[in-house]
Amino acid sequence: MSISSTHNGTALGDLKIKFASAFQKTAESWNTYRRKRQAYATTFAELAGLSARDLADLGFSRGDIRRVAREAAEMV
């Protein structure tokens, strides 16, 4: 009985470690997603608020705003 108890205890410990690791990876992924989404939203809002002339001075057109916002988000 003690052998199976020890084995089950080890298996349970391993399961707890795997669960904690999976939870940590999920939390990190979620935090990365939130930071990227925030960078996208901020960049998009700032560029969308500029006039066509200001965008042209930066070398962008209105059609480039989504692309530039995506690129900014990927840099996070």
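Numbers for residues simply follow the sequence, beginning at 1.
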**Message:** Restricting to non-hydrogen atoms, name the atom on Tyr40 and the atom on Arg70 that form the minimum distance, rounded to 0.1 Å.
**Reply:** CD1-N, 3.6 Å

**Asked** If you measure from the Lys or Arg side-chain nitrogens to the Asp or Glu carboxylate oxygens, is any gap between Arg67 and Glu71 under 4.0 Å?
**Response** yes

**Item:** Distance-minimising heavy-atom pair for Gly59 and Asp64
**Value:** O-OD2, 4.4 Å

**Request:** Measure across Thr43 and Ala72 and return the closest heavy-atom pair with its distance rounded to 0.1 Å.
**Result:** OG1-CB, 3.5 Å

**Prompt:** If you round to the nearest 0.5 Å, how far is CZ of Phe60 from CD1 of Ile65?
**Reply:** 9.5 Å

**Request:** Check the side chains of Thr32 and Glu28 for a donor-acceptor pair under 3.5 angstrom, ignoring hydrogens and angles.
**Result:** no

**Request:** Report the distance from atom CG of Leu12 to atom CD1 of Ile17, rounding to the nearest 0.5 Å.
**Result:** 10.0 Å

**Distance-minimising heavy-atom pair for Val76 and Lys36** = O-CE, 4.0 Å

**Asked** What closest approach, in Å, do Arg62 and Leu55 show between heavy atoms, and which atom pair accounts for it?
**Response** NH1-CD1, 3.6 Å

**Prompt:** Once you round to the nearest 0.5 Å, how far does CG of Leu50 lie from CG of Asp57?
**Reply:** 9.5 Å

**Request:** For Thr42 and Gln38, run side chain to side chain donor-acceptor pair (under 3.5 Å): C-alpha distance rounded to whole Å, both residues' side-chain angles, the deciding distance at 0.1 Å, then the answer.
**Result:** CA-CA 6 Å; Thr42 301; Gln38 182 61 44; 3.0 Å; yes

**Asked** So which heavy atom on Ala39 is nearest to which on Ala73, and how close?
**Response** CB-CA, 4.0 Å

**Request:** Hey, could you give me the CZ/NZ distance between Phe23 and Lys16, rounded to the nearest 0.5 Å?
**Result:** 16.0 Å

**Message:** Quick check against the 3.5 Å criterion: does Asn31 have a side-chain atom that pairs as donor or acceptor with the backbone of Ala27?
**Reply:** yes

